[in-house]
Every structure is written in structure tokens, then in C-alpha cells.
Protein chains: 2
Amino acid sequence: MDRPITIREVAEVAGVSPATVSRVLSGSTRVNPVLRAKTLGAVERLGYRANRVAQALRTRVTNTVGMVVPNIANPFFPVIIQAVEAELHKHDARLLLCDSADDVAQEADLLRSLLDQQIDGILLSPCDCIASRSAVRMAAEQVPLVQIDRVAVRDLHYVGVDQEAAMAAVIAHLAEEGCRRFAYVSFSVRASTAAERLRGYVRHVRRLDAKSAERVYSGDVSIAWGREAALRIVEEGDLPDAVVCADDLAAVGVLESFRREGIAVPEEVLVTGFDDTILAPALTPSLTSVRQPMEEMGREAVQIVRSAARGGPPPRRQLFSAELVIRESSRRVRAASRRVSPYSARAQRPRSTARTAR
Amino acid sequence: MDRPITIREVAEVAGVSPATVSRVLSGSTRVNPVLRAKTLGAVERLGYRANRVAQALRTRVTNTVGMVVPNIANPFFPVIIQAVEAELHKHDARLLLCDSADDVAQEADLLRSLLDQQIDGILLSPCDCIASRSAVRMAAEQVPLVQIDRVAVRDLHYVGVDQEAAMAAVIAHLAEEGCRRFAYVSFSVRASTAAERLRGYVRHVRRLDAKSAERVYSGDVSIAWGREAALRIVEEGDLPDAVVCADDLAAVGVLESFRREGIAVPEEVLVTGFDDTILAPALTPSLTSVRQPMEEMGREAVQIVRSAARGGPPPRRQLFSAELVIRESSRRVRAASRRVSPYSARAQRPRSTARTAR
DNA sequence: TCCCCCCCAGAAATCGTTCTCTCGCGCTAA
DNA sequence: TTAGCGCGAGAGAACGATTTCTGGGGGGGA
């Protein structure tokens, strides 16, 4: 493990000054072709590779972007992370990944730590739409910061989808399937996405059934919570027409509990998820869910952070359109048993951009 | 976005030298309590935070570990990544995450790039047990490197499980359930895990049925491949007693195709997965799979890399024991129809450490 | 032919730390 | 009283790159 080659040694071997080596490699200035060739020869012969840390110290750019997400293991995030990493790699930049474990203090810590690293920018999915604010603002003052999926500070960069509209599409679809009475299984509304989805749920369900708008079960993002919530719904002895879940993991738990309790989905109750994770199409019944263009979002976030680093446009909200992916879990099978037939005119004209899968 | 505070300014405000500030903050030497207090006061008042890049340049330690995995989106990896990140965070270290997209050239590229970053160590799941070797060796010469899950160079650090033994447990379990004829759905055996699992499959299935040992379908790690493989199996018109999959994603596809083809699992054919991802318990039927202690592996890998950085013990293979998690997809339901009853004495005494779930 | 200007290469400063080296002070022992 | 020693703080040299500044040589114009 001997010392790596330095630019100084390359210069010596090439018989030029370190400055010239630097100029050759960065291509910043015209260099005498002869010296240039000698330099490149030496670089090649010695296998020289520039020390990025030294470069970073001098130039103040690290070509590194920090990313903080609430839970790496939630299958929603890896897809975004992958897209982000791929896009960064294209530009010879790297990803410093952190997991805030949905904890505001930890999140603030991580942001400070990333700033200490002199990262060029931050991609953040803030865990708490209120409590995360101060840390987010602090970080954004120092370095370009893009909120992704979740948002805490409205007037900073944000990449995501209109959650409320997406939830409206879910409810519209369920209504078309004949549902009138709903229950909602959410994760903590401290997450902006949960709050917005809930708002969408309440606003659109209220018109159909006032009581349903209040039938909200709030927990965390986990299968266990979905199980638990479904059990509560069953115990209350008042099965709704549909259980709307704020995330796929909850829906997995809900489906599981319903099966164990002998409640048939979609025959007796419809179920929907959110995020269209890898789980959704794999379940039985396959799960209707809302797909966000995660890859695009990841790419776009990187592009914004990079352009902001070069003094790009002022912060803006970049909203992508979500897509309702309708699967078995929300398709009424026994049309006759419902007040509104799913084959009615209304059902033929979906209100949202929806495609049908599986 | 004005310049951050430097140690020089802190020194000036505190009325001491930069060296003293450094000493106070690092706690490396005794410092006069008065100067110490003045320093800390200035640090506090100015909100000084050390520039990690400068520290790294000087000390040659970045407190950063690079990790390269073949596919972030494969739900197996995020769990490991999360554990790694958590363990690193405990020691005030950070994670530079890269996705090799299962491509050897890209992987080599990423390794070089990580070395340029002066990372303190590398965690790698090499995508090709042969072709990855030279890059892995090259990297390991420069910096502590731990192979995790997959392995390319046997005499370097490795953290994983005995894949062959784990596969043996799968086959033993299926044999106990009365299976004699098998088919195997694998991903590319260029991955060491796939190769070892295949070896386990072949070795143990051969004893039961020579032809089954050759019934191997090799593709990639994806649901689509599982679908495709199952269709081929069906088309061949010779349904085995069990389809053994080298990963959970393949199993998802297999289950899906079987359902669509009207083949009942586990009534007509048993199916097993591998990795015990979040998918396994969520499927219908729930999927028997092999659970590796991913969190432990992640933690251990970090510890090895850190201790190796301090000149720890020579490379060693750290094998954890995998656990066969038996679920519905491999439990024979119609005992009477099989030659060996699942309630026979043999079935009561499983050969491997297996627990029963769900 | 001479002067001026431009271009290119090298010297040296710089980025923000850490750390070695040096020096001064105070205390102890002879 | 003085020599020696130990401790602790500051000056300054690294770390490995980039970049400004400076100077020399060559070419073009008068």
C-alpha cells in the first residue's frame, strides 16, 4: 500500500512543471503539443490518478451530492436512489447516502454532517413537514438543496407529484367502482406526502360520505401497521366498501389481515395502495396503486441540483404526473351486488390518467 | 452563501494559534484550560465546523466508505445498505453508494473512482466471480476491501453465508415434503452466489433424481425472468414436484405464471425463493425462502473494513448461518397424495436450522 | 532592425487542516 | 543559584491539487 503518484512526480518524469500537468489534464489552457504529449506519456506510464480530495480542497467542488431519505428499506426509495446514482454517475459525480430513520434530529445531524463534507448539493426527503424546516432552510442557505418526494419548505426546490390529485384519482376510481364508504390507513401525517394524501382523501370522500372522511387510521410505514389497522377496522364491525392505503406496505398488511379474517378482496372490500412499489403487482390480488415516475424524479432532482450549483434558476416546484395503476384489488367483480354498476357510463369515463395493468 | 468559518478565524477570535484550536477540538494533547475555554467559546460563538475535505487531505482519512452493489433496486440490497449506513453513522463515517448495474466494466470504473476519492475502505458485492477479480485485487491493494454477499477473490475479506449449505437445506426440506423431481430457476452463475447455490442444488438433487440436476433455467435477477422460466417449464409438459428459485424475484414470476396457467401452488408444485426479501411473506402463497442475516452482515462488514484500516487481522471469510424460513409455498397440503408423508418421522426432524413462519 | 505584445510555462501562493519542530517558561534537583 | 528537563503553545511546513502571477521568447508591425 505505497503512496499513490502525485502530480509532482508526474511533472518530474515528464520534465515539466506541476502546473503544466494540471493544465494538460484539465484542458483549461493551450499547452505546447510536445509538452502535452510528454505529460500524457508520464501520466500513462505512472498510472497517475488525481487525488480528488486535494482537488476538492482547492476548487471547492467535490462532485459529490448528499442524499437523505427517511428509510432506505422502504422499496419506494431504492428506485429513486438508483436513478439518482445513475444520473450522477453520468456526470462523474458521486452519491453520499444517508438514512434519517424518520427522525428529525438525526436528519438535522446528517444535513450538518453533509455540509461539513463540502458536498455540492443535497437531495432530501424531509421526514417532518414542520419540524424539518429549520434544518432544511439552514442547509439550503449553504448549498443547493432539492426536496424530493416529501417537502418541508415550499419555496425551495421540490420534485414530486401532486399527491392530493393522485389521491383524488384513487377515490374517483373507487367511486366509479361503486364504493361509497371508505376507511383510510395512513402513515404519520408529519410526512408531507401523508398529509397531502390525507387531504385528498378527506376532500373527495367527504362528498360521498361524511363519516368516511373521519375514518382515518394513522400509524407508520410498515406492513405491521397495515395488519393492525385492518384488524381494527374488522373489529369495529363496520366494513367499508374500500380501504384506501397511503402506502403499499400498509396495503400488504391490510390484505394479509383481511385474508386471515376471511374477508375477500375485492369481493367484499376493495383495497388500494400508493407508490406502486415492486410489491404491488406481486400481491394477490394484485394491488391497485399510484405510480410516481421515480426514475424521472431522481434524474430531474439531480439536474436541478447541478444547475443550481452553477447559479441556475430560482427554486421551483417541479410536479410530475402520477399514474393510477388499476389492478385486481380494486376491480369490483360482482357487479350486480352494488348500487352503482361498474359498467355504468361514469365508470367508462375515468377522470384521471389511468392505465390498466395485469 | 458566504464562506464558512475557518480554523484561522476561530484562532484569531480566541486569541490563540490555529494549532491550539486544532488541538482543543481533536483532544490530542493537553491544553491550558483557559485557552481551551476561550477556544471553545470562539468555536461556539462563530459556529465553526471543521472542513472535512481539508482534514481528509491532511490526515489521509476521509471517514468515508465506498460500497458497490450490482443492483440497488433488488430488495435484498437496501436492507444491507441500511445496516451498513447505520453502522457507519455510529462511527461518524459516511457511505458513498454505487450501483454497478451488474456490469464488470462499470464496476471496475466505480472502484477506481472510489479510490480516487481516497475512501477509507470498500464494501463490494462483485458482479462476476471471475471477471471482477482483477479490479477487486487492484482495489484491495490500495485500501481495505470487504466482499459482501458475493465473492470474487477467495483470499480477501468476505462476509456472507454458506450458500451451498443453505441450498442443501432447501432441498432437504423439499425432499421431506416428498419432492423427488425438481427444476431450478437461477440468475447468472457469473454471480458467485448463483454459482454456489446452483452447486448446492445440483449436488443434493442429483441423489434424488439425476435428470433434475440438469433441469436448470438460467436468466437474470428479475420477476420477468421468473415468469418466463415458469412458462418454459410448463410448456415442456413435465411439471416437477418443486421449482427451486435462486432468488425471490424469480419466485415471484414463477408464482405469477403458475397462477395464470392454472397450476396450483403448493398443491401441484412447490416453489421456494431465496433471500427472504420483503416480498416473500407478502406473496400468496407466502414464499418459503432463505434468510441471510443481512443486518448482521452489514454491520460486520463495516467492522472488518474499519479494523482492517487500522491494520487489523488478515483477510478472512466470515460466514453467517442462513435460516430456511418455511412458508406456504413449500408445505405439502394433500399429504395422502405423496409417497412420503410430510408427517413421517423424517419430516419431523428437519436437518437444518429452520424456523416456521406464517 | 527594433520594439511591443501576446502566449505559454514555471514559480509560488493558496485551499483549511494537522502536526512537527522549536522555543520559552517554570519547576526541581544538585 | 544554576543546570536540566518537561510541558505546552506558536510558527511554519506539509497534504496534493489549482491558479495567479511573472518572465522569457517569438512573432508581427512600424
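So you know, we letter chains A, B, ... as the sequences are listed, proteins then strands, and number each from 1. These numbers come from the heavy atoms of this one structure, side chains and all, not from hydrogens, waters or symmetry mates.
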For nucleotides 14-21 of chain C, just jot down a letter per nucleotide in 5' to 3' order: B, S or -, based on protein non-hydrogen atoms under 4.0 Å. BBBBBBB-
Start and end of chain B contact along DNA chain D [non-hydrogen atoms, under 4.0 Å]: dG8(D) to dG16(D)
Would you indicate whether [X], at its atom [atom1], is surrounded by more than 12 heavy atoms from other residues, nucleotides or ligands within a distance under 6.0 Å?
X	atom1	value
Q106(B)	CD	yes
R133(B)	CZ	yes
R8(A)	CZ	no

In residues 35-45 of chain A, which ones come under 4.0 Å of DNA chain C, going by heavy atoms? L35(A)
Given D116(B), which of Q55(A), R94(A), R49(A) fulfils the side-chain hydrogen bond (donor to acceptor under 3.5 Å, both in side chains) condition? R49(A)
Whether [X] side chain and [Y] backbone form a donor-acceptor pair below 3.5 Å:
X	Y	answer
S188(B)	D220(B)	no
N74(B)	F77(B)	no
S26(B)	S22(B)	yes

Answer with yes or no whether the side chains of E107(B) and S132(B) bring together a donor and an acceptor at under 3.5 Å. yes
Just by distance, no angles: are the side chains of Q82(B) and N71(A) close enough, under 3.5 Å, to form a donor-acceptor pair? yes
So, R299(A) and E296(A), do they make that salt bridge, N to O below 4.0 Å? no
